[in-house]
Structure formats: C-alpha cells, structure tokens
Amino acid sequence: MSLAVQEDWQRRSLGSIWHPCTQMARAARLPPLPMARGEGAWLFDHQGRRYFDACSSWWVNLFGHSDAGLSTAIKSQLDTLPHVMLAGCTHEPAVRLAERLSARTGGALGHVCFGSDGASAVEIALKQSFHSWRNRGRTEKHEFVCLKNGYHGETIGALAVTDVAIFRDAYDPLLMRAHIVESPDSRLNNEAQALAAMQALLEARHDHIAAVIVEPLIQGAAGMVMHEPSYLRGLRALCSEFEVHLIADEIAVGCGRTGSFFAWEQADAVIAGPSQDDRTPSGGGARARAPGGQQSSWPDFLLLSKGITGGTLPLSLVLTTDEVYQAFWSEDVSRGFLHSHSYTGNALACAAANAVLDRFDAGQLALNREQSALLAEAFLSPLAGDARIANLRQRGMVLAFDVLDAGAGFAERFHLAARAHELLIRPIGHTVYLMPPYLIDAPTAQFLVEAVRATLSEVLSHAS
Ligand SMILES: *Cc1c(COP(=O)(O)O)cnc(C)c1O
C-alpha cells in the first residue's frame, strides 16, 4: 500500500478508461481516486486512507460495501444458476422478486418487467405506455410529459424526458419532443402553481399524451429538490381525470430512501401495503386493489433500480398494472411487449435484490427512521443558524442544503477538499447533500457534520 501504487492506477485509469460524467481533459486536475476495498460505509485507497461514502456510490449502496448478507446470497446463486435467459425459461430468484415487489404494492402493480439499469427501465415504461395506448386504438397518444429539472437517465429515450441541460443539450437534435412542466419545490412553495400548470397542459393535450413521468418526493439530480406527498396525490388525480399514465421513477428514491419502501406510499397512507410498517399487519393492501373498479392511488408504472441490489449488480424493474398488461394480451405477437435485454432478469442480480428485500422484511424501515433522526439531530442545530447556507432539508435518508455565495466550480472544490476530511461527497451545483448507506449511528452522524462543516469553511475561505 503506497503512494506509488495509488498513482500508478490513477495514471493507467486516465490512459485507458473513459470515465462517466467526466470531461476527460479536466480529469487530470481532478484525478479519480483508486479504491482498493470497501467495508461498511468506508472505502479504502491503496495508501490505506479511508473515505466515508456519503453518496452511497451514486445512490446504490444501501448497506455499505462488502455486506456479508448480500455476498452470501450472490455466492450461493453463483454456484447454482448465475444466469439463464428469461424468454422460454424462468427461475426462482426472478419469480420470488417479482412476487415480493408486487405484494409490496398490495397487488396493485402486479406485473414486473426487468431491465439492466435505470435508463433501460425508463425506456421500458415509455414504450409500454405508448404501446398499450396503441393496442387500445389510441395511436395518437404518443407524447410524454416530464418535470422541469427532472432526471431520468441518459439513453436517447430517457434523455428526451430529462431536463438537465448539461446532459441533454448536445443531443437535443436526436431527441423526441417532450412537454416540460413546472416542478414543485418546497423552497418556492409553488405546489398549487405546479399542479395548475400540469392541469392546463393535460386539459389541452391529453388526447395526445401517453404519460407523465415524475421523481416522487425528491428530484435527485436537480439537486435534491423536495416536494410534499400532496403534490403526488394531486398529480394522480389529474392523470386519472385526463386518462394519462403516471410513471413514478423511484430509481433513486425507492428502497427505503425516503422513509417508506416506495416513496409513493407517502402519497396516501391508505394505499400502503405491508411495507409501511414491516411488523404490523395492515389492511391497506386490499384497498390498493381499487375495489369497485375505482382508480387505485398507485402510479400506473413504478420503476426501481440503483438500491434494489444494494450496490452489487446492475438490475432494474418496471412494475405495472393489470390494465396495462391486459392491453398487450393477444394471439398477435406484434401486440406483445417484445422488449428484451441480454441480461433480462439475471439470476445473480435477482438473488441480490431478494437479499435486499429480506432486510426490509426484517425491519429495515424502523432502523432507517432511527438513523434519519440521528442525522437530523446532528445537523439541524449546528447548521440551522449558519449564515453561509440556506434551505437545510431532509427526507428520510437524504439530507441537503444550499451554499450561498458558493463561487465558481464549488462542487469540484468541495469534493476535492472533502477527501482530506475522509469524506467522499459530490455536491450538485451549490447543493451539498448526504445520501449515505443505511449505517448511521450517533458517532458517524457526528463525524459527518464535523467533516462537512470543516470542508465548507475551507472551501469558502478560499473562494475567489
Ligand atoms: C440514476 C437515475 C436514473 C438512471 O439510472 P441509470 O442506472 O444511471 O441508467 C433514472 N432516474 C433517476 C431518478 C435516477 O436517479
């Protein structure tokens, strides 16, 4: 373990790898950190230095690195059946995973399609929505609606419903046109206005609109922009009224991140299935089946990826309703949903996801509630009165604040400075956020607030 080894990997990486989300011409000034191993919330480099993974390695690593339970599940699957194609074959890990996720919606979203990563789940949902309308003779419904500053991934279809200029502008000529509507933002107190804008668009264009796609409760890549569950209830009502599908992209906010297993559960406590409280039997599940043919309160599509395998293997899922599923039911192959990826329903990834669900069955949400309270306790009083920041906000295991007078290149400077404080953290613009593994105890929360404040002081005192 030495500096020479560290620098060798750095040099070879820059020489051979086209790093994601990176302008390679600038990468030498912000060299990638070669990591040798991970243990719990900590990553270790080749010099033996450690870094707290404050963003769960792009929001995937729910239980930290090298988690023993996930390792065991994957190893045992590896020795049994690592992979088999899911066309013409099936396997236990995929079936169990689909059944368990469906049960967590009380059966409301009972049909599960597999993708390989978040963006492919978005592609699947857009295609399914459009194709289901088409199969019902509504061929003119081929437009999509997304929210301002929303993020849904970077393949061509997903990028078309993404409103983050830095990712999309260069490809604009390639993208289908989507409607972009004002997003709710608790900082602006604009929920009614955002819903009114959505209503106006749906009133005018619903005959042409297939679906609205939204990140429930938190727009992650926009900079942890939060809104209230009441917005989601309003949006559900509008989509039902105007016969437009609602796609809940829970790729970042699913899997317990916001306090419930699905963020959507907070939109209506009544619809919550067994996941709302892991230990208490709930009658809510039956309600989700929408008795009497009423519209259920769930979205028409719900997407998961990122945390679903706890940062071990790529996997995504698209959950949808029986109504959507039935639109494809036919002897005619071309009316079917033929979309596939080589690794669709990969057994190793499904085994990892089942191990993640085991944790939630064993009471993970209660632990998360304790941990988010610890984060709040540690951060609120020292930072609430700090004149250098604004909009300190938290939802479940996401905590964020905006830095005032951050200066140019703040995110990069903060990220670099934080490394010296044993913190791996990547601000978005002038927003600093924590989206840590679910491994927070009181000393860790204290470490985090001290490391964040020390970094902030350092970066702001050097601001030009
Ligand atoms: C990360 C993310 C995606 C894209 O997932 P990838 O696995 O990176 O393709 C889509 N939507 C949201 C909300 C995300 O956070």
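FYI, side chains are in, hydrogens and waters are out, and symmetry mates aren't considered; it's all heavy atoms of this structure. Numbering of ligands and ligand atoms starts at 1, following listing order.
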What are the atoms of ligand 1, with element, lying closer than 4.0 Å to any heavy atom of [X]?
X: A252; value: 15 (O)
X: W59; value: 15 (O)
X: H152; value: 10 (C), 11 (N)
X: G153; value: 4 (C), 10 (C)
X: D117; value: 7 (O)

Could D300 and R236 be called an ion pair, given the rule that one side-chain N must be under 4.0 Å from one carboxylate O?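 Salt bridge: yes.
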Looking at R426 and E412, does any basic side-chain N land under 4.0 Å from a carboxylate oxygen?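 No, R426 and E412 are not salt-bridged.
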Within the structure, does [X] bring an N/O atom to less than 3.5 angstrom of an N/O atom in ligand 1?
X: D249; result: yes
X: G118; result: yes
X: A119; result: yes
X: K306; result: yes

Within 45° of the axis and under 6.0 Å from the centre of the six-membered ring of F401, does NZ or CZ of R393 qualify? no
Got H227 and I218 here, is their nearest side-chain heavy-atom distance under 4.5 Å?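 When only atoms from C-beta onward are counted, I218 and H227 do not touch, as no gap falls below 4.5 Å.
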Decide whether H152 and D249 meet the rule of one side-chain donor and one side-chain acceptor closer than 3.5 Å.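 Indeed, the side chains of H152 and D249 share at least one donor-acceptor pair under 3.5 Å.
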Distance-only polar pair, side chains of S132 and N135, donor-acceptor under 3.5 Å: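 Checked: S132/N135 side chains show no N/O donor-acceptor pair below 3.5 Å.
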Atom 15 (O) of ligand 1 touched by protein (heavy atom, under 4.0 Å):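 Neighbour list for atom 15 (O) of ligand 1 includes protein heavy atoms (cut-off 4.0 Å).
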W58 heavy atom under 4.0 Å from ligand 1: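 Checking ligand 1 against W58, which is what was asked, there is no heavy-atom contact under 4.0 Å.
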Within a 6.0 Å radius of atom OH on Y343, are there more than 12 heavy atoms belonging to other residues, nucleotides or ligands?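 Atom OH in Y343 is not packed in, count stays at 12 or less.
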Within the 6.0 Å centroid threshold, strictly below: F167 and Y151: yes
